[in-house]
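As the structure is a computational prediction, the values presented were derived from the model and not from experiment.
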Amino acid sequence: MPRESFLKNRVRGVGYALKGMFLLLRTEASIKIQFFIALLMTAAGFLFEISSTEWIVQLLSIGMVMGVEGVNTAIEKIADYIQPQRDPKIGLIKDISAGAVMIVSVIASIIGLIIYVPKLL
């Protein structure tokens, strides 16, 4: 069987990634909330005419929160598949994964405050 070309393999990979991104946005309540907040923060960025550096930091923050939330969701789905019944070890894994989302969310919120509080005052 002939090997697929590098380009065809990359295009297929991007297709899988897009499918996963849209699946995440369609099915997970937490990412829907974070996406809504991301839209609000993007609108605020235009409204307050934030600097290029502030845009970079804001977009990195949004990307980190949503990316880590996606990884958290994947970890939870794998854990539920491996052990559908309640299990303290699986619960610990899920808690740690959710804690990672909490860390980036708190830091992103602090970044938002640093950018927007001076503009509001």
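Val11 is not connected to Tyr16 by any chain of hydrophobic side-chain contacts under 4.5 Å among Ile, Leu, Val, Met, Phe, Trp and Tyr, and they are in different clusters. Cluster annotation: Val57 is connected to Phe48 through the hydrophobic network of ILVMFWY side chains, with a link wherever side-chain heavy atoms come within less than 4.5 Å. Criterion: ILVMFWY side-chain heavy atoms under 4.5 Å apart, direct or through other members. Under it, Ile96 and Ile90 are not part of a common hydrophobic cluster. Hydrophobic clustering, with ILVMFWY side chains joined whenever heavy atoms are under 4.5 angstrom apart, groups Val14 together with Met66. The cluster map of Ile, Leu, Val, Met, Phe, Trp and Tyr, joined by side-chain heavy atoms under 4.5 Å apart, puts Ile50 and Phe46 in the same cluster.
Atom NZ of Lys94 is separated from atom CD1 of Ile78 by 11.5 Å, given to the nearest 0.5 angstrom. With rounding to the nearest 0.5 angstrom, the CZ atom of Arg12 is 11.5 Å from the CG atom of Leu7. Atom CE of Met21 is separated from atom CG of Leu23 by 11.0 Å, given to the nearest 0.5 angstrom. To the nearest 0.5 Å, atoms CD1 (Ile93) and CD (Glu76) are separated by 11.5 Å. Atom CD of residue Glu69 and atom CD of residue Glu28 lie 7.5 Å apart, to the nearest 0.5 angstrom.
The side-chain heavy atoms of Thr73 and Leu24, taken from C-beta on, include a pair separated by under 4.5 Å.
For Ser97, the side-chain hydrogen bond (donor to acceptor under 3.5 Å, both in side chains) partners two or more places apart in sequence, or in a different chain, are Asn72. Phe36 meets the ring-ring contact (aromatic ring centres under 6.0 Å, His included) test with no other residue; sequence neighbours excluded.
The two atoms that bring Thr42 and Trp55 nearest to each other are O-CH2, 3.4 Å, heavy atoms only.
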Sequence neighbours left out, cut at 3.5 Å: what donor-acceptor pairs do the side chains of residues 100-118 make with other protein atoms?
| unit_1 | atom_1 | unit_2 | atom_2 | d |
| --- | --- | --- | --- | --- |
| Ser105 | OG | Val101 | O | 2.8 |
| Ser109 | OG | Ser105 | O | 2.9 |
| Tyr116 | OH | Met41 | O | 3.3 |
| Tyr116 | OH | Gly45 | N | 3.1 |
| Tyr116 | OH | Gln58 | OE1 | 2.6 |

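Atom NZ of Lys32 is surrounded by more than 12 heavy atoms from other residues, nucleotides or ligands within 6.0 Å.
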